[in-house]
Amino acid sequence: MATGSARYVRYILVAFFVLAVFYFVSNSADVTGTLRTTPPTTTTQNAAGGSSTNSASPNAGKITTDYDPAQYSMPLTHTDPGWNDLTGIRDGPRMNATFVTLARNSDVWEIAKSIRHVEDRFNRRYNYDWVFLNDQPFDDLFKNVTASLVSGKTHYGLIPKEHWSFPEWIDKDKAEKVRQDMKERKIIYGDSISYRHMCRFESGFFFRQELMLNYEWYWRVEPSVELFCDIHYDPFRFMHENKKKYSFVLSLYEYIETIPTLWDSVKKFIKNHPEHVAAGNSMGFLSDDGGDSYNRCHFWSNFEIGNLNWLRSKAYIDYFESLDRDGGFFYERWGDAPVHSIAAGIMLHKEEIHFFNDIAYYHVPFTHCPTGQELRTQLKCHCNPDDNFDWKGYSCTSKYYEVNNRDKPEGWEQESKD
Ligand SMILES: Nc1nc2c(ncn2[C@@H]2O[C@H](COP(=O)(O)OP(=O)(O)OP(=O)(O)O)[C@@H](O)[C@H]2O)c(=O)[nH]1
Ligand SMILES: [Mg+2]
């Protein structure tokens, strides 16, 4: 009997030893950054005191740019391998990328809808992170709802006061008079202080927030936006492999009342910093007279996929600081859309700006529904092509095609009627 017990004790000890070895091997694999096989649990603490606990999915690809593209298919068209593989977690590399949303606590249910669209059409297979930024601390409801919907990790950041306030060189009385005047003239958001802080923040600071410094790529998402088609490949990876820096889905003309002196400010910057102007840029998209005046065309910045290192470059920072000194964020109502677009148009090579025809998108009141019935069917789109804004009179997307000497997608004429 005593010998029998000793044998059982030996079995138990051996079992413990095997389990311990297994545990050690699987955990050290995670630390060294090899492909994950078990879902890690992460907790994020930040300036806002926010924290979220979330599980990344098993076998999510590792973040790397050191991979052989031929080894992992990126199905750009329905004839490419892997096109129909829309289930499970997508194997292969991940870019160092995040979604980013600026929002108030009161935006929680509207951003919840946007997240649902992004997850259902794309991110459930890729599990990219999501950074939320706010000028006030995020509350528990906001954090809990968003963390439950995002398949990647969520992070919550509090914007420092100096990125969301009047800079010392701004004359507040003058700014107040401007707001009063714009209110009387019924200019949209003309009397709003917070809207101006928002536009200045998106123009010059979101990419420099502490949490954003961890990433190279961003995809901006606003409350209540919709995605109408499946996304069959990783747009971040597309941007990386095709050397793109900035992208858009909708473009239009800016209200001149909000930017009367923006172009003067841009011309001053160009004069002071000719070294930042790219050869082969998209000036033709911005100006119809070789740069003398602004034609008001801009990419709509509530959707953007872009490169954060470009925004953090000396060229972009010099540009933003020059504009910021001129005061138009407060003495007028400069939007981050024309500010980003002019920067991209002047300081990037035109090949670095990409139009995602296959990402179908809505932000009130405009829709981008991919041109071409065959493509819409392949992408399982649920948008009405009659709503597509691209070829209507108030869109600048035709101009983008002209500047890039590209033929417009087949079927555009049918969608051009206002
Ligand atoms: N934290 C915070 N976020 C804001 C504030 N104002 C706007 N935002 C966010 O900034 C982004 C742009 O604001 P919107 O109000 O959508 O501006 P818009 O897209 O020009 O106008 P809409 O037609 O109203 O959508 C959104 O993601 C908002 O949630 C603010 O005061 N605080
Ligand atoms: Mg919006």
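One is the number of the first residue; the rest follow in order along the sequence. The figures that follow rest on heavy atoms only: side chains count, while hydrogens, waters and symmetry mates do not.
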Tell me whether the count of non-hydrogen atoms from other residues, nucleotides or ligands lying under 6.0 Å of CD in Gln373 goes above 12.
yes

As a test of understanding, state which of Phe299, Trp300, Tyr394, Phe285 forms a ring-ring contact (aromatic ring centres under 6.0 Å, His included) with Tyr253.
Tyr394

Are His363 and Phe303 close enough, and set up right, to give a side-chain contact (heavy atoms from CB on, under 4.5 Å), and what steps lead you there?
CA-CA 9 Å; His363 174 297; Phe303 170 100; over 6 Å; no

So, do Lys408 and Glu413 sit near enough that their side-chain heavy atoms are less than 4.5 Å apart?
no

Taking CG in Asp407 as the centre, count heavy atoms belonging to other residues, nucleotides or ligands within less than 6.0 Å. Is the count above 12?
no

Parallel, tilted or perpendicular, judged at 30° and 60°: which one describes the rings of His354 and Phe356?
perpendicular

Check the surroundings of atom OH in Tyr195: do more than 12 heavy atoms from other residues, nucleotides or ligands lie under 6.0 Å from it?
yes

Should the ring pair His382 and Phe228 be called parallel, tilted or perpendicular, given that the plane angle runs from 0 to 90° and is split at 30 and 60?
perpendicular

A cation-pi test, strictly: NZ or CZ of Lys174 under 6.0 Å from the centre of the six-membered ring of Tyr331 and no more than 45 degrees from its axis. Yes or no?
yes

Please verify the inter-ring angle class for Phe205 with His163; under 30° counts as parallel, over 60° as perpendicular, anything in between as tilted.
parallel

Taking SG to SG, are Cys381 and Cys229 separated by less than 2.5 Å?
yes

Are Phe389 and Thr367 close enough that some pair of their side-chain heavy atoms sits under 4.5 Å apart?
no

Mind running side-chain contact (heavy atoms from CB on, under 4.5 Å) on Ile111 and Thr146 for me, showing each step along the way?
CA-CA 8 Å; Ile111 196 62; Thr146 51; 4.1 Å; yes

State, with a plain yes or no, whether a side-chain heavy atom of Pro260 is found less than 4.5 Å away from one of Glu332.
yes

Both conditions, 6.0 Å and 45 degrees, for the charged tip of Arg196 above the ring of Phe329: are they met here?
no

